[in-house]
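Okay, so here's the structure we're looking at.
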Number of protein chains: 2
Amino acid sequence: MAEQKSIIIIDDHPLFREGLKTIISRDDRFKVVGEAGSGHEGLEMTKRLKPDLVVVDISLPDQSGIQLTRDLRRHFSETKILIVSMHSKIDYIAEAFQAGATGYVVKESASERLLQGLKSVAKGDYYLDSSVSHAVVENLMKSPLKAAKITDADYATLTPREQEVMRFLAEGLSSKAVAEKLFISPKTVENHRANIMNKLGLHSTIELVRYAAKLGLIDVDLWKD
Amino acid sequence: MAEQKSIIIIDDHPLFREGLKTIISRDDRFKVVGEAGSGHEGLEMTKRLKPDLVVVDISLPDQSGIQLTRDLRRHFSETKILIVSMHSKIDYIAEAFQAGATGYVVKESASERLLQGLKSVAKGDYYLDSSVSHAVVENLMKSPLKAAKITDADYATLTPREQEVMRFLAEGLSSKAVAEKLFISPKTVENHRANIMNKLGLHSTIELVRYAAKLGLIDVDLWKD
DNA sequence: CCATGGATCGGGAAGTTATCCCGAATATTA
DNA sequence: TAATATTCGGGATAACTTCCCGATCCATGG
């Protein structure tokens, strides 16, 4: 860790850049090797200087810092990116990390935070400063995984009757209940259901409900009241 | 920062505890004031010593570190929790943060990481070390949403275990899947489920899901994407 | 006309899951 | 320590799922 990490600052406010530089220079493990006032300029400079880190303001005159992050990420995957933003809203944060940022610090934070963030990011760790509430992070962590991509193309392959059955099932009716509604045997409904699941690649009732929700077949917002 | 932060280490392997202690003592901003070899012991010690930080191994003999995190969080909301884990799988990480952890470090990481994590966590920042791939974080960040408040009289009558089971069920896991997650028999899960349904007056899986959606236990908006 | 194929309807059998009722082993609390 | 609550799981039966099968109807094209 004797070596200094090179940093480029990309922000359109010179004063703010100056502030960042001052803060960063407090830690001799970092060295600001360049500054840019726009996304384009920043991209050029990154190409030329190949810095270890880039500090990017989320709002730039010519393009968003998010977009710049994506570009940087694509062309210089080794360069770590720390987003500096005035927003602590979840949308921005989520977008930033999706775009490939490794850290996120809000402008209102203490200077300590910035250095902390730089240190973490320099190591390749993810960093998110504390102005972000626990609730937000908790929520971010709530999405499990699995994709199971769903196209309504598949739904279109269902026969009319199958679609009809599916709507009832999606509303939470049991096979028996659907059968009564349609004046057919529960057995038939179950067969329809099996065919539906097969065609759509589903494996449980709840997946069926989610699928239906995605297609707008049912309105899950109604559940909340 | 003149004051030292007090730390308790909760891990069932004395050797590993020793290692942690050595690493932590390298930084004089931290002081290990206690060690525990089990969740229960750790909880007691925390009650007694009120440390600033608790370092928790994710796998403990008597209960999971996740569960311990929840308990600690509930009783000592000021105490920050850093999870140390041998797993870098997304499930564990997400669970840890949901449970209320503020940091997550894998055991294979360099000692630097631990200190880095402690420093961040001590400030209240969230920390997640770099053995976690970018893809994982990107995945975690895929869900923007709002806070969830659980305020329901009936839901409160559920035992902690029942609530835990309910959350999994609401996410669409089968009894068997929940059983595997909790390392108990599917039979037990089914009994829990039956009790839950009874207490809440529900009669089908989908009603349970709707109930959970209403409480904000799950976010159905996620289904739409 | 009638063969073809899709859609709808249902049965049978085997496997899986739910339901209800019970008891045992631990906490927790009085 | 006694009483209570919680967690865990077994057993028996009912219910549901799954897979495979066949019957009917109906539109289409040879």
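Note on naming: letters A, B, ... go to the chains in the order of the sequence lines (proteins, then strands), and numbering restarts at 1 for each one.
- Atoms CD (A:Glu162) and C1' (C:dC9) sit 12 Å apart, rounded to a whole Å.
- Sequence neighbours left out, the pairs with a member in residues 156-168 of chain A that pass salt bridge (charged side-chain N to carboxylate O under 4.0 Å, His left out) are A:Arg161-A:Glu164, A:Glu162-A:Lys199.
- B:Asp52 meets the side-chain hydrogen bond (donor to acceptor under 3.5 Å, both in side chains) test with B:Ser6; sequence neighbours excluded.
- Taking every nucleotide of DNA chain D with any atom under 4.0 Å from a non-hydrogen atom of chain B, the first and last of them, 5' to 3', are D:dT6 to D:dG11.
- Between A:Ile196 atom CD1 and A:Asn198 atom CG the span is 10.5 Å, to the nearest 0.5 Å.
- Non-hydrogen atoms lying under 4.0 Å from DNA chain D are contributed by A:Lys187, A:Glu190, A:Asn191, A:Arg193, all within residues 179-199 of chain A.
- For the atom pair CD1 (B:Ile10) and CG (B:Leu82), the distance works out to 11.5 Å, reported to the nearest 0.5 Å.
- Using a 4.5 Å cut-off on side-chain heavy atoms (C-beta onward), A:Ile184 and A:Val189 make contact.
- To the nearest 0.5 Å, the span separating CG on B:Leu53 from NZ on B:Lys80 amounts to 8.0 Å.
- Other residues, nucleotides and ligands contribute at most 12 non-hydrogen atoms within 6.0 Å of the NE2 atom of B:His203.
- The CZ atom of B:Phe30 sits 8.0 Å away from atom CD1 of B:Ile24, with the distance rounded to the nearest 0.5 Å.
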Listed pairs, N/O of protein and of nucleotides 28-30 of chain C, under 3.5 Å:
none

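- Proximity of B:Lys176 to the phosphate of C:dT16: no side-chain N or O atom is located under 4.0 Å from OP1 or OP2.
- Looking at residues two or more places apart in sequence or on another chain, you find no side-chain hydrogen bond (donor to acceptor under 3.5 Å, both in side chains) involving A:Lys176.
- Across all non-hydrogen atoms, the minimal contact from A:Phe168 to A:Lys181 is CE2-CD, 3.3 Å.
- Looking at heavy-atom distances under 4.0 Å, A:Ser175 makes contact with sugar-phosphate atoms alone, never a base.
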